[in-house]
Every structure is written in C-alpha cells, then in structure tokens.
Amino acid sequence: MRPEDELSSPPGPRLATWNVESIRARHDQVIAWLDENRPDVLAMQETRCPARLFPTAHFNRLGYELVIHGGDGGHGGVAVAVQETDDGLSSVRGIDLGFPGAVAPLDQPRSISLTWRSWRIHSMYAPNGAKVGTDAHRVKLAWFALLRQWLALERTDHPHSIILGDLNIAPADIDVWDARRYRMRNLTSPLEREAFAALLEDGLVDVVRSHYEGVPVFTWWNRRSDFYETNRGWRLDHILTDAETARSIEAVWIDRQERGRDGSTDHAPVVLDLLSTKPAGHAGTAGATPLVGSGPT
DNA sequence: ATGGTGGTTGTACCA
C-alpha cells in the first residue's frame with residue numbers, strides 16, 4: 001500500500017486526510033504520524049474538540065499551523081494542519097469555516113475551505129446518516145446537495161481543487177468488504193452513491209479509485225470484534241481533485257498499518273503525493289478551465 | 001437475529 005520510499009519525503013506536495021476520532025484522545029498518534037510522514041497539509045475530521053481545547057501546541061512544536069472548526073459537545077469538528085513556512089507568515093488564506101450562509105441542521109462544523117499555494121483545499125466530514133429513511137439520513141443527503149453547490153461555486157474562482165475527507169459513502173460495491181450484506185443500507189444506498197457520483201460528474205476525480213482500479217482498498221474498519229484483523233473494511237475516506245491536478249500525481253496510498261496500532265482511531269490516513277512540477281504542456285496554467293467528465297469510469 | 005468498542009458528556013448520544 002505504502003510506496004517503496006515510505007520514509008523519504010516526496011518530491012512535490014504531500015496532502016493527507018484522516019478521521020482522528022477525537023484529537024484529544026488521539027493527539028499522540030496523530031503527532032507521531034505527522035512527524036514520520038511530514039505531509040504539507042493534513043485534513044482532519046471528527047476532532048470532537050472545541051477550538052479552545054484543541055492541543056494546538058503539539059502541532060506548533062512540529063512546525064504546523066492549524067485551522068480549526070468546531071467540535072463543541074464532543075461531536076463532529078474538522079481541522080487542517082499546514083506546514084509553516086520560513087517567512088513566519090501564514091501559508092493559508094481565504095478561510096471558510098462551514099458552508100457560508102448554511103442554516104441548521106446544515107450549519108454543523110463539518111467543513112473547512114482554504115487556499116494553499118495554487119489549490120483550494122477542503123477538509124470535509126459528511127454526516128454519518130445513521131440509517132436509510134431516518135431524518136439523519138435526509139440531512140446527510142441535503143448536506144451533499146449543499147456540498148455540491150458549494151464546490152461548484154468555489155471552483156469558479158479556484159480551478160485547482162483538492163477535497164479531502166470522510167464522506168461517509170462507499171461509492172461502489174468494491175468499496176465494501178461484503179457488498180451483498182450491506183446492500184441498500186446507510187453508506188451504500190443509491191441516493192448516497194448518486195450524491196457521490198454527482199461530484200465526479202462535475203469534473204472531480206476520485207484519485208484513490210483511479211490509482212487502485214479494480215482493487216478493493218479500505219480506509220475504515222469497525223473497531224468492534226476483529227474487523228481490522230480480518231480486513232472487513234470500507235472505503236469511506238476520499239480524495240477528489242480537479243482533472244489537471246489528477247494528472248500530476250506521484251502516488252496515492254492508504255496507511256493501513258496505522259489503523260492497527262493499539263488505541264488507534266478506526267480510520268486509516270489517506271495520502272496524496274503530487275509531482276513537484278506540472279506535467280508537460282500544463283505548466284503555468286493557473287486559471288485554466290477544469291476539464292469536465294474525465295473521472296474514472 | 002444483529003453481536004462486538006470507544007469518546008464525550010453526563011447518567012445517553014454518536015459513530
């Protein structure tokens with residue numbers, strides 16, 4: 001899963017997403033992983049921690065600045081850690097916490113959007129959805145409708161986009177360890193899969209799937225029982241990019257071993273390594289129109 | 001038929 005050069009730094013930017021399932025309970029694991037893998041950007045979900053109680057100092061010591069959104073009451077919450085630059089200035093701008101203008105129940109702390117280098121970066125934590133047919137499930141679908149609108153709006157201003165997060169959808173049967181058993185259920189239902197597919201129809205590329213075509217890869221294993229040990233998992237954590245960014249990928253990998261640590265969060269980190277330079281013919285194309293409909297088939 | 005775990009908050013809830 002992890003590329004051969006696992007301990008060396010990639011030539012270009014490294015971005016990762018990780019559902020940390022409480023940053024206060026898990027900061028030792030997260031900080032150790034950051035220290036070892038040194039992503040430029042780590043999008044975190046389910047931080048379950050109000051901003052004032054966030055273990056910020058641990059991140060600062062490693063040279064990361066933080067953007068934090070919510071987590072009050074021990075539910076939800078997202079954050080983005082970004083490697084500090086040498087000039088002492090913040091390397092992020094244009095921060096949006098949540099979907100601007102959203103009203104309850106779509107105003108929960110589940111998203112951060114910010115500009116970093118030439119990319120618009122989004123850390124997303126979709127509602128779990130509980131069970132098909134419940135209010136929670138309808139809220140999940142409404143959240144995805146709003147996400148689609150928000151990303152379409154954002155992409156008119158920022159052609160280079162990277163969406164990282166726990167979207168709480170297994171996009172296809174291959175993304176579930178036993179698709180038949182969990183058919184038409186929460187995380188697999190047709191309306192959820194349509195919501196995910198709509199993002200690809202808008203021109204975003206599911207870069208994990210496009211790099212593991214036809215191969216089952218999982219990012220979440222239920223903590224109960226021996227689901228991890230027996231690899232009964234799901235692919236719920238995703239990285240989507242615009243088509244041009246998708247053409248400049250060095251590697252995509254899931255740090256499956258990290259999930260096996262004692263006391264680990266139940267999700268594995270998902271990592272995107274980009275090439276240091278744009279592909280030939282695409283240098284200096286800031287402002288280019290994103291290609292549409294070029295996602296994996 | 002529906003187990004099994006963990007975090008946070010508070011004696012249930014969310015995942």
Side-chain angles (χ1 to χ4, degrees), chain A residues 17-33 43-56 58 68-79 98 104-112 123-144 147 164-171 175-189 192 195-196 218-238 254 256-270:
Chain A
T17 182
W18 201 3
N19 179 320
V20 299
E21 200 196 28
S22 172
I23 192 59
R24 279 174 289 180
R26 229 69 74 177
H27 68 256
D28 284 349
Q29 181 182 22
V30 173
I31 292 297
W33 189 87
M44 291 170 274
Q45 302 85 34
E46 209 177 353
T47 51
R48 297 187 184 175
C49 180
R52 71 178 193 284
L53 298 177
F54 207 98
T56 305
H58 291 92
I68 298 163
H69 187 209
D72 296 55
H75 301 304
V78 284
L106 299 178
D107 59 347
Q108 297 167 350
R110 296 184 175 276
S111 80
I112 292 173
S123 177
M124 291 288 159
Y125 179 41
N128 174 282
K131 194 176 177 191
V132 173
T134 63
D135 284 347
H137 204 262
R138 284 184 279 275
V139 168
K140 179 181 192 174
L141 295 172
W143 186 89
F144 270 96
L147 171 66
L164 308 108
D166 176 2
L167 297 184
N168 266 317
I169 294 175
D175 300 312
V176 186
W177 68 274
D178 186 344
R180 191 165 303 178
R181 174 188 298 237
Y182 297 102
R183 214 175 139 262
M184 312 289 277
R185 300 266 287 270
N186 188 42
L187 312 176
T188 69
S189 71
E192 288 168 77
F196 187 92
F218 306 135
T219 67
W220 176 78
W221 296 261
N222 197 322
R223 181 180 289 102
R224 303 167 198 175
S225 189
D226 59 350
F227 283 84
Y228 174 72
E229 289 74 12
T230 54
N231 197 30
R232 290 182 284 170
W234 300 61
R235 188 170 74 98
L236 304 178
D237 302 271
H238 302 286
I254 299 166
R256 190 181 178 287
Q257 285 184 316
E258 191 65 28
R259 169 62 181 82
R261 290 187 186 279
D262 285 344
S264 172
T265 164
D266 45 7
H267 294 253
V270 183

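So you know, we letter chains A, B, ... as the sequences are listed, proteins then strands, and number each from 1.
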Tell me: [atom1] of [X] to [atom2] of [N], nearest whole Å?
X: A:Arg261; N: B:dG6; atom1: CZ; atom2: P; answer: 17 Å
X: A:His267; N: B:dT5; atom1: NE2; atom2: P; answer: 18 Å
X: A:Asp135; N: B:dC14; atom1: CG; atom2: P; answer: 12 Å
X: A:Asp226; N: B:dG3; atom1: CG; atom2: P; answer: 16 Å
X: A:Gln45; N: B:dA15; atom1: CD; atom2: P; answer: 14 Å
X: A:Arg259; N: B:dA15; atom1: CZ; atom2: P; answer: 18 Å
X: A:Phe227; N: B:dG6; atom1: CZ; atom2: P; answer: 14 Å
X: A:Asp266; N: B:dG7; atom1: CG; atom2: C1'; answer: 11 Å

Inset, instruction - Give a yes/no on whether any side-chain N or O of A:Arg181 is located under 4.0 angstrom from OP1 or OP2 of B:dT2. - result: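 Indeed not, no polar side-chain atom of A:Arg181 lies that close.
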
Inset, instruction - May I ask you to evaluate whether A:Arg110 reaches the phosphate of B:dC14, defined as a side-chain N or O under 4.0 Å from OP1 or OP2? - result: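 Answer no for this pair, as no side-chain N or O of A:Arg110 is under 4.0 Å from OP1 or OP2.
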
Inset, instruction - For A:Tyr125, report the nucleic acid contact type (base, sugar-phosphate, nothing); a contact means any heavy atom under 4.0 Å. - result: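 Since only primed, P, OP1 and OP2 atoms lie under 4.0 Å of A:Tyr125, the category is sugar-phosphate.
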
Inset, instruction - With heavy atoms under 4.0 Å as the rule, sort A:Gly76 into base, sugar-phosphate or nothing. - result: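 It contacts nothing in the nucleic acid.
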
Inset, instruction - Mind running side-chain contact (heavy atoms from CB on, under 4.5 Å) on A:Arg256 and A:Phe218 for me, showing each step along the way? - result: CA-CA 8 Å; A:Arg256 190 181 178 287; A:Phe218 306 135; over 6 Å; no

Legend entry - Nucleotide of B:dG4, B:dG7, B:dA15 approaching A:Ser225 most closely (side-chain heavy atoms): B:dG4

Inset, instruction - Report the secondary structure of DNA chain B in dot-bracket form, marking unpaired bases with a dot and bases paired to a different strand with |, and treating Watson-Crick or G-U pairs with both distances under 3.5 Å as paired. - result: ....((((...))))

Taking atom [atom1] in both [N] and [M], compute the distance separating them and give it to the nearest angstrom.
N: B:dT8; M: B:dG4; atom1: P; answer: 22 Å
N: B:dG7; M: B:dT11; atom1: C1'; answer: 15 Å
N: B:dC13; M: B:dT9; atom1: P; answer: 16 Å
N: B:dG6; M: B:dG10; atom1: P; answer: 22 Å

Legend entry - side-chain contact (heavy atoms from CB on, under 4.5 Å) between A:Trp234 and A:Leu187, intermediate numbers included: CA-CA 9 Å; A:Trp234 300 61; A:Leu187 312 176; 3.8 Å; yes

Inset, instruction - State which residue, out of A:Asn231, A:Thr230, A:Asp226, A:Asp266, fulfils the side chain to side chain donor-acceptor pair (under 3.5 Å) condition with A:Trp221. - result: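 It is A:Asn231, the one option of A:Asn231, A:Thr230, A:Asp226, A:Asp266 that forms the side chain to side chain donor-acceptor pair (under 3.5 Å) with A:Trp221.
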
Inset, instruction - State, without any angle test, whether A:Asn128 and A:Asn186 hold a side-chain donor-acceptor pair at a distance under 3.5 Å. - result: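 Yes, because at least one side-chain N or O of A:Asn128 sits under 3.5 Å from a partner of the opposite role on A:Asn186.
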
Inset, instruction - Say whether A:Ser264 and A:Gln29, considering side chains only, have a donor N or O and an acceptor N or O under 3.5 Å apart. - result: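 Yes - a donor-acceptor pair under 3.5 Å links their side chains.
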
Legend entry - Which residue lies more 5' along DNA chain B, comparing A:Arg48 with A:Arg232 via nearest heavy atoms: A:Arg232

Legend entry - Nearest-nucleotide 5' precedence on DNA chain B, A:Arg223 against A:Ala126: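 With A:Arg223 and A:Ala126 compared, the 5'-side residue is A:Arg223.
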
Is there a side-chain contact between [X] and [Y] in this structure, where contact means two heavy atoms from C-beta onward sitting under 4.5 Å apart?
X: A:His137; Y: A:Lys131; result: no
X: A:Thr47; Y: A:Tyr125; result: no
X: A:Val30; Y: A:His58; result: no

Legend entry - Pair of N/O donor and acceptor under 3.5 Å linking B:dA15 base with A:Arg224 side chain: yes

